[in-house]
Amino acid sequence: DNGKLKRLLAWLEESRCTSVLTGAGMSTESGIPDFRSREGFWRNLDPRTVATVDAMKHHYDEFHRFYSARIRALRKVRPHRGHDVLASWERQGRVHAVATQNVERLHQEAGSRNVYELHGSILDFRCARCGEDAEREEFLRRSPCPSCGGPLRPGIVLFGEILPERAWENAFQSMERSDLVLVIGTRLEVSPVNRLPMVSGGKKVLINAQPTEMDHDFDLVIRGKAGELLHQLETMRKS
Ligand code: NAD
């Protein structure tokens with residue numbers, strides 16, 4: 001509702017440092033399903049059973065099929081107007097950084113520069129054994145690693161793996177110095193990322209389509225679609 005959006009706009013105007021944290025719900029309006037979606041390639045599959053170190057090691061066929069489908073599906077995917085709004089807020093000095101659990105680089109594609117990829121990127125590839133960089137096409141073709149013959153993998157963080165240290169530290173510091181944290185499109189059920197907003201002593205706002213277990217930790221919860229609401233906020237700000 002309008003009252004809540006106005007409150008958020010006022011906080012944004014007052015803020016000296018704002019950090020954003022996004023999750024799968026930030027990408028759904030670009031056509032990428034989140035965990036709960038009933039559509040597409042995840043319909044009959046719990047991603048948690050394929051997005052694990054165990055699956056990669058012991059069920060490489062399923063692992064490879066799952067990620068190949070996700071990577072191929074990205075060809076048609078573009079950032080939406082919500083990504084554009086966050087990028088322009090960064091250019092205007094309103095947003096310091098975007099920490100994201102998403103792996104398909106839509107924030108960067110929209111022009112955000114200070115992006116911390118907490119769960120890596122699905123557009124980078126490497127050997128699962130020796131760590132040597134690899135190409136997308138090599139992964140899609142199921143080629144073995146040119147250096148050691150090991151299996152190739154995308155550069156995402158699987159369940160059971162630790163987060164990229166630099167991204168985590170940058171995100172942590174950014175939250176620490178922020179007096180406003182805007183969390184968008186995440187159920188905040190995956191650790192340790194779900195603890196990041198609490199690092200800030202400032203105001204915390206959650207924009208999400210559905211209620212989450214963490215709603216009570218926020219000063220303001222706005223229910224709705226990320227792209228629509230960010231667009232609405234930007235329209236209100238300019239008027
Ligand atoms: P999640 O699927 O658990 O939660 C997404 C939340 O976003 C849900 O509460 C849903 O109601 C909400 N949502 C959906 N569409 C929305 C919209 N248009 N606007 C606002 N909210 C919307 O996802 P999560 O919390 O990000 O995290 C779970 C894990 O899944 C993470 O590890 C993440 O890396 C991974 N994941 C990533 C992607 C991606 O990279 N695009 C997609 C699915 C899952």
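One-based numbering, in listed order, for ligands and for the atoms of each. When a residue number appears, it is its place in the shown sequence, counting from 1.
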Enquirer: Could you see which bit of Q210 sits under 4.0 Å from ligand 1, with heavy atoms only: side chain, backbone, both or neither?
Expert: both
Enquirer: Considering the heavy atoms of I32, write down every atom of ligand 1 situated less than 4.0 Å from one of them.
Expert: 41 (N)
Enquirer: Salt-bridged, R166 to E169, with N to O below 4.0 Å?
Expert: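 Not counted as a salt bridge, because no side-chain N and carboxylate O are separated by less than 4.0 Å.
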Enquirer: May I ask you to check whether V103 has an N/O atom sitting below 3.5 Å from an N/O atom of ligand 1?
Expert: yes
Enquirer: Polar-atom distance check: R187 versus ligand 1, any N or O pair below 3.5 Å?
Expert: yes
Enquirer: Does any pair with a residue in residues 103-119 pass side-chain hydrogen bond (donor to acceptor under 3.5 Å, both in side chains), and if so which ones, sequence neighbours excluded?
Expert: T22-H107, S27-E104, R105-E117, R105-S121, R105-D124, Q108-E117
Enquirer: When only distance counts, is G23 in polar contact with ligand 1, meaning an N/O pair under 3.5 Å?
Expert: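 No: no nitrogen or oxygen of G23 is under 3.5 Å from one in ligand 1.
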Enquirer: Which residue in the set V183, L86, V98 passes side-chain contact (heavy atoms from CB on, under 4.5 Å) when paired with M26?
Expert: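 The option that passes is L86.
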Enquirer: E189 to ligand 1: N or O pair under 3.5 Å?
Expert: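 Among all N and O atoms of E189, none is under 3.5 Å from an N or O of ligand 1.
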Enquirer: Which of the numbered atoms in ligand 1 are under 4.0 angstrom from any heavy atom belonging to S27?
Expert: 41 (N)
Enquirer: Give a yes or no on whether the backbone of S178 and the side-chain of S200 come within a donor-acceptor separation of less than 3.5 Å.
Expert: yes
Enquirer: Using a strict 4.0 Å cut-off to heavy atoms of P33, name the atoms of ligand 1 that fall inside it.
Expert: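 Ligand 1 atoms under the 4.0 Å threshold to P33: 42 (C), 43 (C).
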Enquirer: T212: heavy atom below 4.0 Å from ligand 1, yes or no?
Expert: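 False for this residue.
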Enquirer: For ligand 1, which atoms, with element, lie under 4.0 Å from some heavy atom of G185?
Expert: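 Contacts of ligand 1 toward G185, numbered from 1: 5 (C), 6 (C), 7 (O), 21 (N).
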Enquirer: With heavy atoms under 4.0 Å as the rule, classify the contact between N102 and ligand 1 as side chain, backbone, both or neither.
Expert: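 Looking at N102 and ligand 1, atoms from backbone and side chain both fall under 4.0 Å.
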Enquirer: If you measure from the Lys or Arg side-chain nitrogens to the Asp or Glu carboxylate oxygens, is any gap between R7 and D219 under 4.0 Å?
Expert: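 Salt bridge between R7 and D219, a charged N being under 4.0 Å from a carboxylate O: no.
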Enquirer: Is there a nitrogen or oxygen of A226 sitting under 3.5 Å from a nitrogen or oxygen of ligand 1?
Expert: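 In this structure, A226 places an N or O atom under 3.5 Å from an N or O of ligand 1.
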Enquirer: Show the atoms of ligand 1 that are less than 4.0 angstrom away from any heavy atom in H119.
Expert: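 Near H119, meaning under 4.0 Å from one of its heavy atoms, ligand 1 has 31 (C), 32 (O), 33 (C), 34 (O).
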Enquirer: I want to know if ligand 1 touches T186 in the polar sense, i.e. an N/O pair below 3.5 angstrom.
Expert: yes
Enquirer: List every atom of ligand 1 that sits less than 4.0 Å from any heavy atom of E29, numbering the atoms from 1 in the order shown and giving each element.
Expert: 17 (C), 18 (N), 19 (N)
Enquirer: For ligand 1, note which part of N208 has a heavy atom under 4.0 Å away: side chain, backbone, both or neither.
Expert: both
Enquirer: Would you say the ring centers of F63 and H59 fall short of 6.0 Å from each other?
Expert: no
Enquirer: For R70, state whether at least one heavy atom is located under 4.0 Å from any atom of ligand 1.
Expert: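 Per 4.0 Å heavy-atom rule, R70 contacts ligand 1.
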Enquirer: What's the verdict on side-chain contact (heavy atoms from CB on, under 4.5 Å) for S147 and C127, showing C-alpha distance, side-chain angles and the deciding distance?
Expert: CA-CA 9 Å; S147 305; C127 173; over 6 Å; no
Enquirer: Are the charged groups of R223 and D215 less than 4.0 angstrom apart, N to O?
Expert: yes
Enquirer: Is the shortest distance from a Lys or Arg side-chain nitrogen in R94 or E13 to a carboxylate oxygen in the other one below 4.0 Å?
Expert: yes
Enquirer: Check whether any side-chain heavy atom of F218 sits under 4.5 Å from a side-chain heavy atom of V181, and report yes or no.
Expert: no
Enquirer: Looking only at side-chain N and O atoms, does S191 offer a donor or acceptor that is under 3.5 Å from a partner on R195?
Expert: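 Indeed, the side chains of R195 and S191 share at least one donor-acceptor pair under 3.5 Å.
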Enquirer: Can you list the atoms of ligand 1 that are under 4.0 Å from a heavy atom of G224?
Expert: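 This gives 19 (N), 20 (C) as the contact atoms.
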Enquirer: Could you check if a side-chain atom of M236 sits within less than 4.5 angstrom of a side-chain atom of L5, using non-hydrogen atoms only?
Expert: yes
Enquirer: Just heavy atoms, cut-off under 4.0 Å: does M26 contact ligand 1 by side chain, backbone, both, or neither?
Expert: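 It is neither part, as no heavy atom is under 4.0 Å.
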